[in-house]
Amino acid sequence: DMKVTQMPRYLIKRMGENVLLECGQDMSHETMYWYRQDPGLGLQLIYISYDVDSNSEGDIPKGYRVSRKKREHFSLILDSAKTNQTSVYFCATPLSSYEQYFGPGTRLTVL
Amino acid sequence: AQSVDQPDAHVTLSEGASLELRCSYSYSAAPYLFWYVQYPGQSLQFLLKYITGDTVVKGTKGFEAEFRKSNSSFNLKKSPAHWSDSAKYFCALEGSNTGANTGKLTFGHGTILRVHP
């Protein structure tokens with residue numbers, strides 16, 4: 001069975017601190033995604049990675065950057081976190097054509 | 001631009017009733033449409049998809065959805081509903097002209113379904 005992991009699962013940071021969210025997948029899929037989910041809203045796409053060092057902005061990339069140095073790992077970085085970046089962050093990768101498989105999520109609180 | 005609308009933030013019904021969750025979309029070309037479910041405290045799980053072909057598609061957990069191009073809808077259905085179906089349901093769209101299988105999904109805001117035992 002495919003597995004997508006996210007670390008950490010819960011994180012509390014102060015405004016202005018740097019944040020690193022990590023995602024791993026064990027199927028060597030080329031494509032990976034980062035989303036955020038806020039109460040009352042659907043998921044919003046932050047970044048897509050099509051392979052190592054091949055990343056593309058999603059719908060809300062401002063305030064975020066990503067890193068993909070190995071196919072199995074996709075990192076989301078918040079330089080100087082802001083309170084409005086408090087959210088639940090999901091990583092995803094294609095399970096099959098068109099179907100995305102989501103990780104368990106990271107709940108980030110920025111105080 | 002593409003968008004997805006789920007007009008009902010909450011739907012409540014009794015176990016054994018039929019459920020239908022509404023989804024409408026706006027997209028200028030042929031859409032790829034999806035339903036995902038999120039149980040409390042959990043991540044999203046894929047339910048079903050419409051890519052092409054038969055307009056009624058069946059998915060996991062006994063759900064099905066009907067694609068209606070005439071009114072740009074993709075409603076999710078199940079009969080009968082069970083209390084374990086209580087969850088948040090998301091409709092999503094991928095534009096077909098963004099490139100095959102780019103995975104750039106646009107999600108609706110979701111519908112919270114509550115099924116009373």
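By convention in this document, chain letters (A, B, ...) are assigned in the order of the sequence lines, proteins followed by strands, and residues within each chain are numbered from 1. Every heavy atom of this structure was used, including side-chain atoms; hydrogens, water molecules and symmetry mates were not. Since the model is a prediction, treat every value here as computed from it, not as a measurement.
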List the atom of His109(B), the atom of Gly40(A), and the distance in Å for their closest heavy-atom pair. CB-O, 3.5 Å
More than 12 heavy atoms of other groups within 6.0 Å of Arg9(A) CZ: yes
Cluster overlap Tyr101(A) with Met27(A), hydrophobic side-chain contacts below 4.5 Å: yes
Cluster question for you: counting only ILVMFWY and a side-chain heavy-atom cut-off of under 4.5 Å, with indirect links fine, are Phe74(A) and Val4(A) together? no
Would one find more than 12 heavy atoms of other residues, nucleotides or ligands at under 6.0 Å from atom CG of Asn71(B)? yes
Taking the side chain as every heavy atom from C-beta outward, state whether Leu105(B) and Tyr35(A) have any pair of such atoms under 4.5 Å apart. yes
Can you say whether Leu48(B) sits under 4.5 Å from chain A via the side chain, the backbone, both, or neither, judging by heavy atoms? neither
For Gln42(B) and Phe90(A) the tightest heavy-atom approach is O-CZ, 4.4 Å
Can you tell which part of Gln37(A) gets under 4.5 Å to a heavy atom of chain B, answering side chain, backbone, both or neither? side chain
May I ask you to decide if Phe34(B)'s main-chain N or O and Tyr98(A)'s side chain share a donor-acceptor pair within less than 3.5 Å? no
Contact class of Gln6(B) relative to chain A, heavy atoms under 4.5 angstrom: neither
Does Lys82(A), at its NZ atom, have more than 12 non-hydrogen atoms belonging to other residues, nucleotides or ligands within less than 6.0 Å? yes
Are Leu44(B) and Tyr32(B) connected into the same hydrophobic cluster when the rule is that any two of I, L, V, M, F, W, Y join if their side-chain heavy atoms are below 4.5 Å apart? yes
Kindly give the heavy-atom pair with the smallest separation between Lys104(B) and Glu57(A), and that separation in Å. NZ-O, 4.1 Å
Looking only at Leu41(A), Val88(A), Leu95(A), the option with the highest number of non-hydrogen pairs under 4.5 Å against chain B is Leu41(A)
With clusters defined by side-chain heavy atoms of hydrophobic residues (ILVMFWY) lying less than 4.5 Å apart, directly or transitively, does Phe102(A) cluster with Leu21(A)? no
Flag, side chain of Ser43(B) to backbone of Gly105(A), donor-acceptor distance under 3.5 Å: no
